[in-house]
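Presented below is the structure to which this report refers.
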Amino acid sequence: MPTGKHAKGKTVSRRRVLSDAAKTACGVALFGLAVGLYARPSRSLPADAVRPPGALPEKDFLGACVRCGLCVRDCPYDILKLAELGEGVATGTPYFTARSGPCEMCTDIPCVPACPTGALDHTLTDITKARMGLAVLIDQESCIAFQGLRCEVCFNVCPVRGKAIKLEYRPNKRSGKHAVFPPVVYSDDCTGCGLCEKACILEEAAIKVMPIRLAKGELGRHYRLGWEQKQKAGDALVTPDPEHKYNLPEGLRYDHSGRGLIADEPAAPRTGSALDTLRKGIREAR
Amino acid sequence: MSAVIEKLGHDAIAAKGRLGAHKWLILRRMSQLAILALFMAGPVGGVWILKGNLSSSLFADTVPMTDPLAFMQLIAAGHLGVASTAVTGAALILAFYLLVGGRVYCAWVCPVNIVTDTAHWLRRRLAIKGSARIAREARYWMLGLVLILALATGTLAYELVNPVSMLHRGLIFGMGFGWAIIAGVFLFDLFIMKHGWCGHLCPMGAFYGLVGAASLVRVRADNRAACDDCMECYEVCPEPQVIPPALKGERRGGGEASAAILSGACTNCARCVDICPHDVFNFGLRFPAAPAGRRQPQLIGTARHGA
Ligand code: SF4
Ligand code: SF4
Ligand code: SF4
């Protein structure tokens with residue numbers, strides 16, 4: 001290359017190098033911004049997608065899963081799926097849909113050790129400790145058990161039957177003589193496997209597995225339940241434990257066994273006019 | 001230029017035959033397709049040799065393999081307690097590419113390479129001229145961005161759009177609208193920019209390029225004395241800027257340059273090996289610097305110019 005041209009090329013190219021670098025940086029930054037914005041909404045899992053057992057909390061999970069699908073491969077029931085672009089679940093991450101394919105709660109939990117990164121927490125070895133979500137009997141109006149019919153299918157398929165779902169007992173107000181056995185889910189034991197949702201006999205399940213963040217409320221941290229505190233302490237927290245009293249008007253009692261308010265003696269018949277009563281009250285107040 | 005393109009490869013075919021002049025291309029395609037086939041043999045045929053996908057996989061149910069860039073994203077995203085499987089897997093893959101050449105990933109493994117090579121082939125066929133100007137260094141910015149995105153969002157944000165994992169995972173697990181991203185890369189390379197994605201933008205290429213800058217197996221121009229300046233290797237090389245030092249033997253500051261192509265950007269695709277009618281290029285190690293089996297250096301400049 002002739003040196004003259006070379007030298008000239010160099011002065012031009014310095015400016016060009018700088019502007020090229022600026023352009024590149026801007027372009028890449030714009031791309032980054034777009035991806036960053038796109039990444040935001042995909043951080044929250046759609047309500048009907050459930051993560052495999054042992055999955056870290058959603059935010060951590062998205063930073064821990066490499067989207068390899070090894071968990072998908074090791075699930076013997078083939079219920080797990082890697083999200084495809086456009087599905088609403090962060091692309092490439094594993095999930096299942098309870099209504100079409102619930103987790104069968106394998107006792108050896110093969111999906112968890114398959115995970116190379118620990119996005120599925122390897123310390124989970126007891127499947128009943130998994131908390132994939134929480135079943136919620138979300139529609140009591142259409143659940144036929146609530147109408148007094150003996151369905152109880154969800155109760156019967158639950159692998160933690162009797163703990164995660166119990167049947168309650170209530171009188172049937174409609175018929176007046178029968179019982180209603182509504183299924184009630186207990187979050188202490190429900191793994192969120194979704195077998196109940198899958199089994200629900202309705203067109204659209206009345207019991208659904210929800211992400212725990214949607215399914216559960218949370219008591220304020222400062223809140224203490226007196227009776228629990230009392231049990232923990234083994235004794236009354238305030239001594240002497242004051243006996244419960246009702247602030248009832250004089251001459252009235254309350255009966256817990258069903259009789260309700262009881263007046264000790266018939267109230268004294270009113271005398272005089274309303275004005276007399278008022279005057280009497282004012283006098284007493286003085 | 002068009003004269004060069006029209007007769008591109010003719011000399012090589014004349015010298016080595018059609019097969020000989022495409023030997024490495026054929027091997028490369030076989031490697032790319034075989035890897036894909038091994039991954040797909042499980043879900044399709046029930047033969048589980050390779051499980052998972054390129055982000056992380058398990059070979060023969062025992063050897064873990066994890067993409068080191070995916071691993072780095074995990075760390076950047078704050079998942080510091082990565083399970084040992086992925087740590088071992090990433091170390092194995094890193095060691096492998098340090099041995100065989102970083103961007104061997106690009107030329108021999110990555111499925112997007114087939115897409116962009118096809119775009120490039122079509123571009124040449126349709127004689128599409130003109131190309132956007134993006135610096136080749138943009139990919140290193142992209143690499144930085146990938147890690148910054150992971151750091152800033154605490155998630156593997158780039159993996160939401162990464163065409164490489166999108167295509168590979170898509171082929172094995174289901175693609176959804178992932179095709180759109182792959183089509184985007186194809187059209188970009190075809191109409192907007194020559195070697196646009198792999199040569200300028202892909203952060204995975206950038207990462208493996210950095211690995212390649214230190215890797216052992218390199219393409220060498222051991223027979224550089226026989227070069228007759230036909231320029232065909234520059235024409236077929238996806239990273240032509242890496243060739244001159246090794247081929248011409250001149251270092252920028254003076255002195256003799258290594259006969260090995262030391263730039264990590266070289267993909268070890270061996271297109272130059274295939275295209276050269278005089279077998280100037282060959283696979284070798286990064287050492288020694290001097291051309292091995294040097295043939296009469298005084299022939300430089302005189303060799304076969306008239307032929
Ligand atoms: S526990 Fe069993 S059924 Fe449930 S996701 Fe894991 S492998 Fe599949
Ligand atoms: S095995 Fe782990 S890293 Fe791989 S897809 Fe499943 S959860 Fe993600
Ligand atoms: S999701 Fe349903 S079946 Fe599974 S543990 Fe909870 S209540 Fe039982």
Side-chain angles (χ1 to χ4, degrees), chain A residues 16-17 19-21 23-40 42-43 56 58-74 78 80-94 112-122, chain B residues 42-43 48 51-58 64 66-67 70-71 73-74 76-79 81-89 133-135 137-138 141-142 144-146 148-150 152-162 165-166 169-170 172-181 201:
Chain A
R16 205 163 121 175
V17 162
S19 81
D20 272 2
K23 261 191 234 163
T24 307
C26 287
V28 170
L30 271 178
F31 174 75
L33 214 62
V35 176
L37 283 178
Y38 172 59
R40 283 199 71 80
S42 64
R43 259 196 242 172
L56 299 177
E58 186 61 9
K59 166 102 188 22
D60 298 337
F61 183 78
L62 290 178
C65 166
V66 281
R67 294 120 216 251
C68 66
L70 284 168
C71 53
V72 174
R73 290 297 180 233
D74 279 10
D78 224 359
L80 297 175
K81 183 175 183 309
L82 289 189
E84 296 172 9
L85 190 64
E87 272 181 357
V89 179
T91 309
T93 56
V112 169
C115 177
T117 67
L120 306 181
D121 188 350
H122 290 194
Chain B
W48 296 101
K51 233 196 252 178
N53 59 41
L54 286 178
S55 299
S56 197
S57 57
L58 199 59
T66 301
D67 180 64
F71 181 84
Q73 287 184 71
L74 292 179
H79 182 55
V82 183
S84 60
T85 320
V87 179
T88 317
R133 234 184 55 225
I134 299 177
E137 286 67 40
W141 294 78
M142 289 283 282
L145 177 80
V146 166
I148 289 172
L149 272 174
T153 64
T155 73
L156 272 60
Y158 178 66
E159 293 305 312
L160 291 174
V161 294
N162 182 356
S165 47
M166 188 79 71
R169 189 195 320 116
I172 301 168
F173 289 91
M175 185 75 86
F177 283 102
W179 287 114
I181 290 187
L201 293 173

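Since we're looking at a predicted model, the values are computed, not measured. Every chain is numbered from 1 and lettered A, B, ... according to where its sequence line falls, protein lines coming before strand lines.
The greatest number of non-hydrogen atom pairs below 4.5 Å with chain B, out of Gly69(A), Ala29(A), Gly86(A), is found for Gly69(A). Ranked by heavy-atom pairs under 4.5 Å with chain A, the first of Asn53(B), Thr66(B), Thr88(B) is Asn53(B). With chain A as partner, the option from Leu156(B), Val161(B), Thr85(B), Val146(B) having the largest number of non-hydrogen pairs under 4.5 angstrom is Leu156(B). The greatest number of non-hydrogen atom pairs below 4.5 Å with chain A, out of Ala86(B), Ala180(B), Ala77(B), is found for Ala86(B). When each of Gly118(A), Ala64(A), Ala114(A) is scored by its heavy-atom pairs under 4.5 Å with chain B, the top score falls to Ala64(A). Most heavy-atom pairs under 4.5 Å with chain A: of the set Gly42(B), Gly52(B), Gly81(B), this distinction falls to Gly52(B). Counting heavy-atom pairs closer than 4.5 Å to chain B, the top-ranked of the candidates Gly92(A), Gly36(A), Gly27(A) is Gly92(A).
For chain A, no part of Trp179(B) is nearby; none of its heavy atoms comes within less than 4.5 Å. No part of Ile134(B) comes within reach of chain A, as not one of its non-hydrogen atoms sits under 4.5 angstrom from that chain. Contact annotation for Ala138(B): both backbone and side-chain heavy atoms come within less than 4.5 Å of a heavy atom of chain A. Looking at Asp60(A), there are no atoms closer than 4.5 Å to chain B (heavy atoms on both sides), in backbone or side chain. Residue Ile172(B) touches chain A through both its backbone and its side chain, counting heavy-atom pairs closer than 4.5 Å.
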